[in-house]
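First up is the structure itself, then whatever we jot down about it.
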Amino acid sequence: AVESLGCVSVICSDKTGTLTQNKMTVEDYYIEGRRIRADEIDMADPAQRFLLDCSILCNDSTNENGVEIGDPTETALINLGSRYGVEAAEVRESYPREDEIPFDSDRKMMSTLHRIDGENRMIVKGAVDRLLDLTDQIWTENGIREITKEDKEKIQSQNQEFSMEGLRVLAFTFREIPEEHLLTAEDEDHLVFLGMIAMMDPPREESKAAVEECIKAGIRPVMITGDHKDTAVAIAKELGILEAGWKAVTGAEIDQLSDEELDRRIEEYAVYARVQPEHKVRIVDAWKRKGRITAMTG
C-alpha cells in the first residue's frame with residue numbers, strides 16, 4: 001500500500017470539506033428580481049421574511065447552545081435567522097411539519113408540508129435548474145403570477161453569476177396542497193418560485209499549498225464534485241487545479257460519452273462537476289486505463 005501511494009500520479013479530490021472548509025455562510029438572497037446582501041435583508045419585507053421562514057422549515061438541522069447538528073448548508077440557513085433574532089425552534093413551533101419527502105441526490109430536492117396562513121403549503125428546496133423545470137408561477141411584490149421565459153432566464157443568469165463567484169445556490173419554491181393529503185414525489189410539480197439563497201464555503205487555507213506541492217511532485221490533482229459546474233470551476237481556479245488548457249465537464253456530459261471516448265478525453269479534464277457516485281467510478285477507471293496510479297480522497 002505504501003509503495004502504491006508513492007507511485008500515485010493522479011489524485012481525484014472531492015471539493016466540499018476536503019478542498020473547502022465545509023463552513024457555509026449565507027452571502028446573498030435573490031427574491032423579487034433583486035440580489036440582496038445577507039447583511040441588508042429586511043425582516044419587515046414579507047417576501048424576504050417568508051424566504052427565511054421557508055429556509056428554516058424545509059431544513060433538518062439544529063443549532064442549540066452553539067452546538068450545530070446537521071448539514072452545513074442547512075445550519076448556515078438557521079444561523080442567518082439567528083443573526084436577525086429569528087430562532088429556528090420558534091418558527092418550527094409556529095408552523096409544525098406535517099409531512100415530508102426527504103432529500104435525495106436523484107431528485108436534488110427536499111419537500112416539507114406545513115400549515116401557513118391558513119393554507120396547507122408544501123415548501124420545496126433544491127437545485128435551481130431542477131426546480132425551475134417544475135415551476136409554473138412566481139412570487140412578485142404584486143402577487144403570484146405565471147412565470148415567463150424571461151423570468152426563468154433572469155433567474156438562471158443570476159444563478160450563474162452566483163456560481164461563477166464560487167457560491168453554492170439553493171432555490172426555494174412552494175405550492176398549496178389539499179388537506180388530508182400525504183405528500184408524494186408527484187406533488188413536486190406546478191411550483192411557485194420564491195427565491196434563491198447563495199452561500200460561501202471558503203477554500204481551506206492549506207489546500208492551495210497542497211495542490212502546488214502535488215503539481216511540483218508531478219502528481220495531477222483533479223476535482224470531482226456534486227456541485228454546480230461554475231461553482232466548482234471558480235474554486236478550482238482559485239486553488240490552481242484548473243489551469244489554462246484544461247477543461248471542466250459535468251456528469252450529464254460524461255453520460256453522453258462511451259468508455260472509449262472518455263478514455264480518449266479524460267486527460268483534458270481537471271474538474272468533474274454535478275457527478276453521481278457511478279460517475280466517480282467511471283472517472284477513476286478511465287484514469288487507471290491510461291496507466292495512471294490513481295488515488296481518491298474526500
Side-chain angles (χ1 to χ4, degrees), residues 5-24 27-28 35 127-129 153 156-169 198-276 279-298:
L5 273 174
C7 299
V8 163
S9 56
V10 175
I11 296 180
C12 301
S13 177
D14 183 33
K15 179 180 81 66
T16 305
T18 306
L19 295 168
T20 62
Q21 296 176 24
N22 205 18
K23 291 180 183 172
M24 308 292 286
E27 296 286 312
D28 293 273
R35 178 176 183 172
V128 178
D129 43 3
E153 284 172 354
Q156 287 284 30
S157 173
Q158 183 60 64
N159 180 38
Q160 188 173 15
E161 187 178 310
F162 282 144
S163 298
M164 289 175 77
E165 292 172 23
L167 301 175
R168 178 182 283 188
V169 190
M199 287 160 276
M200 171 57 82
D201 179 17
R204 284 163 63 166
E205 284 180 27
E206 64 271 30
S207 292
K208 191 168 185 178
V211 167
E212 268 178 40
E213 210 169 319
C214 283
I215 293 169
K216 276 183 194 166
I219 300 169
R220 170 85 177 267
V222 300
M223 179 194 287
I224 304 181
T225 178
D227 269 6
H228 190 284
K229 186 177 178 180
D230 291 334
T231 306
V233 164
I235 298 291
K237 282 181 176 174
E238 191 175 338
L239 294 176
I241 289 175
L242 187 62
E243 297 187 325
W246 290 341
K247 300 175 185 173
V249 66
T250 64
E253 290 167 329
I254 289 172
D255 285 336
Q256 305 302 313
L257 302 176
S258 66
D259 283 349
E260 293 74 22
E261 288 173 311
L262 184 59
D263 287 355
R264 196 167 61 248
R265 300 173 62 176
I266 192 74
E267 292 176 302
E268 298 174 15
Y269 305 123
V271 174
Y272 305 84
R274 276 282 190 255
V275 297
Q276 304 285 5
H279 294 127
K280 293 184 181 183
V281 177
R282 281 194 73 196
I283 292 161
V284 170
D285 283 349
W287 278 107
K288 285 163 73 175
R289 285 193 294 269
K290 284 285 184 185
R292 303 295 196 101
I293 308 294
T294 306
M296 177 80 207
T297 181

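Atoms considered below: every heavy atom in the structure, side chains included; atoms not considered: hydrogens, waters and symmetry mates.
Residues meeting the side chain to side chain donor-acceptor pair (under 3.5 Å) test with Thr225, sequence neighbours left out: none. Taking the salt bridge (Lys or Arg N to Asp or Glu O under 4.0 Å) definition, one finds that Glu161 meets it with Arg35, sequence neighbours left out.
Considering CD of Gln158 and CD of Gln160, their distance stands at 10.5 Å, rounded to 0.5 Å. Interatomic distance, NZ of Lys247 versus CD of Glu268, reported as 4.0 Å (0.5 Å rounding). Atom CD1 of Ile219 and atom CD1 of Ile215 lie 10.0 Å apart (nearest 0.5 Å). Rounding to the nearest 0.5 Å places CG of Leu167 at 8.5 Å from CE of Met24. Atom CD of residue Glu261 and atom CD1 of residue Ile266 lie 12.5 Å apart, to the nearest 0.5 angstrom. To the nearest 0.5 angstrom, Phe162 atom CZ is 11.0 Å from Thr231 atom OG1.
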Q: For the pair Ile283 and Tyr269, evaluate side chain to side chain contact (heavy atoms under 4.5 Å, CB included) and give the outcome as yes or no after the intermediate values.
A: CA-CA 10 Å; Ile283 292 161; Tyr269 305 123; over 6 Å; no
Q: Could you check His228 against Arg274 for side chain to side chain contact (heavy atoms under 4.5 Å, CB included), going step by step and ending with a plain yes or no?
A: CA-CA 6 Å; His228 190 284; Arg274 276 282 190 255; 4.3 Å; yes
Q: Mind running side chain to side chain contact (heavy atoms under 4.5 Å, CB included) on Met296 and Ile224 for me, showing each step along the way?
A: CA-CA 9 Å; Met296 177 80 207; Ile224 304 181; 4.2 Å; yes
Q.
Show, in sequence, the C-alpha distance, side-chain angles and deciding distance for Gln156 and Asn159, and conclude whether the side chain to side chain contact (heavy atoms under 4.5 Å, CB included) test is met.
A. CA-CA 5 Å; Gln156 287 284 30; Asn159 180 38; 3.9 Å; yes
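Here the closest heavy-atom approach between residue Val169 and residue Ser163 is recorded as CG2-OG, 4.3 Å. Between Gly298 and Thr18, the shortest heavy-atom distance links the atoms CA-OG1, 3.3 Å. The minimum heavy-atom distance linking Ser207 with Leu19 is given by the pair OG-O, 2.8 Å. Of all heavy-atom pairs spanning Ile241 and Met223, the tightest one is CG2-N, 4.2 Å. Between Thr20 and Arg204, the closest heavy-atom pair is O-CD, 3.1 Å. The two residues Asn22 and Gly17 make their nearest non-hydrogen contact at CB-CA, 3.6 Å.
Residue-environment remark: CD (Glu206) exceeds the threshold of 12 foreign heavy atoms within 6.0 Å. The number of heavy-atom neighbours closer than 6.0 Å to CD of Glu165, taken from other residues, nucleotides and ligands shown, is above 12. At most 12 non-hydrogen atoms from other residues, nucleotides or ligands lie less than 6.0 angstrom from NZ of Lys23.
Taking the ring centre of Trp246 as origin, the terminal cationic atom of Arg220 falls inside the region bounded by 6.0 Å and 45° from the ring axis.
Contact of the Ile235 side chain with the Pro203 side chain is registered, since non-hydrogen atoms from C-beta on lie closer than 4.5 Å.
Side-chain atoms of Arg282 never come within 3.5 Å of backbone atoms of Leu262 as a donor-acceptor pair (strictly under, hydrogens ignored). Under the 3.5 Å distance criterion, the side-chain polar atoms of Lys229 are left unmatched by any main-chain donor or acceptor of Val249.
Ion pairing of Asp227 with Lys15 is present here, as a side-chain N (NZ or NE/NH1/NH2) and a carboxylate O approach within less than 4.0 Å.
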